[in-house]
There are 2 protein chains.
Amino acid sequence: MGQIVFVGLGLHDDLGISLRGLEETRTAKRVFIELYTSLLPDFSKKHLERAAGKEFREVSRKELEEENGKVVLDAAKDGKVVLLVPGDPLIATTHVALRIEAEKHGIRTHIVHGSSVLSAVMGLSGLHNYKFGKSVTIPFPDETPSQTPYEVLVQNRKLGLHTLCLLDIKAEQKRYLSVHEALSSLLEIEKNRKMRKVMPETLVVGISRAGSNNPMVKAGYVRDLINYDFGEPPHSIVFPGKLHFMEAEALIVLAGAPERIRRMVK
Amino acid sequence: MGQIVFVGLGLHDDLGISLRGLEETRTAKRVFIELYTSLLPDFSKKHLERAAGKEFREVSRKELEEENGKVVLDAAKDGKVVLLVPGDPLIATTHVALRIEAEKHGIRTHIVHGSSVLSAVMGLSGLHNYKFGKSVTIPFPDETPSQTPYEVLVQNRKLGLHTLCLLDIKAEQKRYLSVHEALSSLLEIEKNRKMRKVMPETLVVGISRAGSNNPMVKAGYVRDLINYDFGEPPHSIVFPGKLHFMEAEALIVLAGAPERIRRMVK
């Protein structure tokens, strides 16, 4: 009976995979890898192939989405196939869809988790994870002008919750939205909506390269962070909601926020 | 200059650590381990010590919380110390507090992420991660009778969002709240609040042993799941909000939900 094991690569490079994930890869009949749903800046396919003792076949967005993962499903019919994916598997809906297809075809599926940008960014921000509301992806402004991120922010703020904003990536075109672009795009929306949710004096946290050796975490006001150099991608943003005093302390000590944010503590 | 590297152990056992995490552990001057903030059912300290080529010193809740991690801070003054923690570091606020203490003492800190129960459970549920609202921990009913989980559920439902409920653990006493206990406790609150949010016919997803070789994911109505045998801990619960048709499909195919939940798709 066939089997697909979805193995998370974790963050940033080829050392993010877990020991169990490497073991599953070593013992698989065939290994596929998908590298377009998320950016792993320092990932070396060769290094991981060497560690696993076999070659990986890279699958494209077209193969996974338009062709419903046929190439993976076919290979999985009579043995164990591993699909390596960035971050934690099943966070991208593409992989949930493939998993459903597999189970419908009588192919068993198993998950080896990896670290996810969601919990990494929550943790690096120093804010309490159970105070985050709905998260949202900020799209490229030229493509899909969307009010959604602003609306999610309004909704979370009303409830005093933090908002985690992932920034869009187009891996095939090597385009990664930056903190600068994301804040500019939100300020544009603010001009029309005028709900005073993204103002020059709004507190925000920018995070870049979570999971690398040199992640950057910087808290401050929009007017300061919009021109702050966060370096190489990927970037993320967190808009804090109500602050507990320990959260304010974390933003000041760990992310260089101005001391006067203590006044925001409720 | 001293340094503390917080290394995530990921989920379930001693194979959840990343290759980078193991490498950091191998090269550390001293290694501490904390095993009370989360349950790793099949974790073998000995196995990981063998893989790392050194012994680990286990730290207690008292040492990390009441004594503010003095034992770790002292060791980190003149070299690299690793603190191994379950899941993804900094998700437990204890570790954020220790990180702040370290930085205030001039000790650098670095994070090696691990897989987190938050994204693991979101992924295993088959529901879209960006449709989860605030998450919540359901406490033991005998200790801190709390309306919070019910209130979080009411709030998320109003917005059509899913709710992830972690179930409390008391690692020192080897007590782990079960799906049965958690649902019973919510039904008790329902009796007083009468907002019809946790009824026998409410759809819910129970998840046990995320990250293991035999996780269980079962979707159904409260009346059915309350007596369903989820086996060994840890357990978690997800209350779905509005369902996309692909989410309903995932619950049916991957979690055995009744076909008639398709009617809930908006």
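A quick note: this is a predicted structure, and the numbers were derived from the prediction, not measured. Side-chain atoms are counted along with the backbone in the values below, which use heavy atoms only and exclude waters and symmetry mates. Chain letters run A, B, ... following the sequence lines, proteins first and then strands; every chain starts at 1.
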Considering all heavy atoms of both residues, which atom of Gly16(A) and which atom of Ser18(B) are nearest to each other, and what is their separation? O-CB, 3.5 Å

Contacting region of Asn213(A) [heavy-atom separation from chain B under 4.5 Å]: both

Sort out for me which of Ala120(B), Gly133(B), Gly126(B), Ala97(B) touches chain A most, counting heavy-atom pairs under 4.5 Å. Ala120(B)

Might you point out which heavy atoms bring Ser135(B) and Asn129(A) nearest each other, and give the distance in Å? OG-OD1, 4.2 Å

What's the shortest heavy-atom distance between His110(B) and Pro215(A), and which atoms? CE1-CD, 4.4 Å

Selection from Lys131(B), Arg99(B), Met122(B) maximising heavy-atom pairs under 4.5 Å formed with chain A: Arg99(B)

Atom group of Ile17(A) that falls short of 4.5 Å from chain B, counting heavy atoms: both

Does any part of the side chain of Glu23(B), heavy atoms only, come nearer than 4.5 Å to the side chain of Leu15(A), both counted from C-beta? no

Which answer fits Val136(A), side chain, backbone, both or neither, if we ask what part of it has an atom under 4.5 Å from a heavy atom of chain B? neither

Return the minimal non-hydrogen interatomic distance between Gly114(A) and Ser115(B), and the atom names on each side. O-CB, 3.3 Å

Residues of residues 80-92 of chain A with a heavy atom under 4.5 Å from any heavy atom of chain B, in residue-number order, are Asp88(A), Leu90(A), Ile91(A)

Please rank Asn156(B), Leu19(B), Leu11(B) by heavy-atom pairs under 4.5 Å with chain A and give me the top one. Leu19(B)

Return the NE2 to NE2 distance between His12(B) and His113(A), rounded to the nearest 0.5 Å. 11.0 Å

Turns out that what part of Ile100(A) lies under 4.5 Å from chain B's heavy atoms comes down to both

Is Ala51(A) in contact with chain B via its backbone, its side chain, both, or neither, using a 4.5 Å heavy-atom distance? neither

What parts of residues 243-252 of chain A touch chain B if we use heavy atoms and a cut-off under 4.5 Å? Met246(A), Glu249(A), Ala250(A)

Main chain of Tyr130(B), side chain of Lys134(A): is a donor-acceptor contact present, judged purely on distance under 3.5 Å? yes

Please flag which part of Leu159(A) lies under 4.5 Å from any non-hydrogen atom of chain B: side chain, backbone, both or neither. side chain

Select one option (side chain, backbone, both, neither) describing which atoms of Leu124(A) are under 4.5 Å from chain B's heavy atoms. both

Can you tell which part of Gln155(A) gets under 4.5 Å to a heavy atom of chain B, answering side chain, backbone, both or neither? side chain

Side chain / backbone / both / neither for Ser125(A) at chain B, heavy atoms under 4.5 Å: neither

